[in-house]
Amino acid sequence: MAKKQKYIFVTGGVLSGVGKGVTAASIGAVLQAKGVKVSIQKCDPYLNVDAGLLNPREHGECFVTRDGAETDLDLGHYERFLDIELTQKSATLAGRLLFDLLNDERAGKFEGQTVQLVPHLTKSIQNAILESAETGDSDIHIVEIGGTVGDYEGLSFVEAIREFSQRVGRQNCLFVHVVYVPFICTSKEFKTKPAQNALKDLRGFGIFPDAVVVRTDTPAPAGIAKKISLFGGVPEENVLLMPNADTVYRVPLILAESQLSNLLSDFSGNDKEPDLSAWKTIVKRQTSKPNKLVTVGLVAKYIDNEDTYMSIVEALKSAAWREKVALKLKWINAEIATKNDFKSVDAIVVPGGFGKRGIEGKIDAARYALDNDVPYLGICLGLQAAVIASARKAGLKAAHSTEFMPESKQDVVYIMNGQAGKESTGGTLRLGDYAAKLQKGSLVAKTYGYLDIIERHRHRYEVNQKFLAEINKGGLIVSGLSPDGKLVEYIEAPKNKYFVATQAHPEFRSRPTKPHPLFIGLIKAAVK
Ligand code: GLN
């Protein structure tokens, strides 16, 4: 029989986007630091089947798991905070559950029953939670419910976790509600009313929270916790005031020092002092005086929402902390980028992307870096842009990717036979972990320190090796291939000090405690 697991449910009130994901991840981190084994899952109530087709401007980055799930960016927080690799089962979307439910209905599996949100969808949600928990071999399974309690679309999820607590025993569940308390500038006071209402809503659905995390922009007086405790029916020691922190990686430390850690000890049955040395080191690295400042230009399509490139930004930051340098990110709008933009930075990153908009600016950025020996890291589309730049430099003036110019005869980036997917449909990309073999003696091999690589992927187009001679002539060599030699996974410019690109997404495996070597390599080169 599977071991008895416990569950922590993290819900949100008042509004979303105030750090529920970081709270859930930090609770996990504190438990982990005590030696408790944790697993974690995000449930999203919207009707998409996965996050693959969601607009990154609105939703932030699409995070990819090793088994190829296209998920919400909160899974990235979880992986970075807990240093674990999540799977498809860690991301539960209402759309997927409904899709399966309707397929079962069509397949006649309900034998004439009326299929309803309650009990059928709520049962599906509960099963998804159980299945996710079972894959983790954990003592405690954390479940974050996306959105805000009271949203129409989330009602089934709230009902499902209430039923779930009955099913596994209320004593085996801990409910944590994250609320937002605004500060009103004109009257200079914090207002708890929306939070009180949010707690009332939650109770109205039959969930009496064990703890409340109160998010504020600036530190709030203790009276706020008292008030929320009184009106929310939660003991005052379980109400944690959580103002914005200087870094999200301080949140586990704040949690561990608060009274909530007693609740976590009681609940987990583990009263060991958490070993937070790793978190202290990270925070210290971030807050200690850096030796130098490096400016990294991120040549991007979405420059108004940092969340769109969350994992890349986190990977750059972690590498900079490790190298004891201050990082200045310069957002360069790929659509209007000029040489002056590229000139003003110490290193250039061209991140992944889809669609034509801004592609010429990305190719120009790669060309500038190639010609002027500016440290360059190309990620996925950033590799493709570099290959196009190199081929054009070698004289293939019309070199392109068929993603942007389908009729191109100089299709240095193309869809390989047998890899074609339908352009606008979800789940048809090359997704998740794939292996690569690096060329001995190459810069990427030296940077990684080994030759056999596994990285996550999310792309459809490949480098067309028919044009290898031109690509080489422009200054790039292929330094890593898929094990069968068919797919280009890494390229570099041997004449430059650090010009590296990969078809993969190394940012997803970077951790604050273990920055990814390719990002460290970039920062090191930028410092020089
Ligand atoms: N659009 C490119 C492709 O599909 C690159 C994808 C990416 O950068 N993630 O191959």
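As a basis for the values below, the full set of heavy atoms in this structure was taken, side chains included, without hydrogen atoms, waters or symmetry mates. Counting starts at 1 for both ligands and their atoms, following the listed order. Remember, predicted model here, so these are calculated numbers, not experimental data.
The contact set between ligand 1 and E403, taken as ligand atoms under 4.0 Å from a residue heavy atom, comprises 1 (N), 2 (C), 3 (C). Against a heavy-atom cut-off of under 4.0 Å, C380 is close to the following atoms of ligand 1: 5 (C), 6 (C), 7 (C), 8 (O), 9 (N). With ligand atoms numbered from 1 in the order given, ligand 1 contributes 3 (C), 4 (O), 10 (O) to contacts under 4.0 Å with heavy atoms of R460. Close approach to H505 involves these atoms of ligand 1, each under 4.0 Å from a residue heavy atom: 9 (N).
Between R458 and ligand 1, at least one N/O pair is under 3.5 Å apart. Looking at ligand 1, you'll find an N or O of L381 within less than 3.5 Å of one of its N or O atoms.
Side-chain polar atoms of Q41 and H141 form a donor-acceptor pair below 3.5 angstrom. R430 and H459 are linked by a side-chain donor-acceptor pair at a separation below 3.5 angstrom, with hydrogens and angles left out of the test.
In this structure a side-chain-to-backbone donor-acceptor pair under 3.5 Å is missing from E323 to I520. For the pair Q503 (side chain) and Y490 (backbone), a donor-acceptor distance under 3.5 Å is absent. Judged by distance alone, the side chain of S90 and the main-chain N or O of T87 form a donor-acceptor pair under 3.5 Å. At distances below 3.5 Å, not a single donor-acceptor pair connects side-chain atoms of E131 with backbone N or O atoms of K89.
Residue E462 does not touch ligand 1, judged by heavy-atom distances below 4.0 Å.
Taking NZ from K317 and CD from Q286, the interatomic distance works out to 7.5 Å, rounded to the nearest 0.5 Å.
Ligand 1 does not have R430 within reach: every non-hydrogen atom of the residue lies 4.0 Å or more from it.
Atom 10 (O) of ligand 1 has as its closest protein heavy atom Y461 N, 2.8 Å.
Looking at G352, G353, P351, S401, it is G353 that brings a heavy atom closest to atom 6 (C) of ligand 1.
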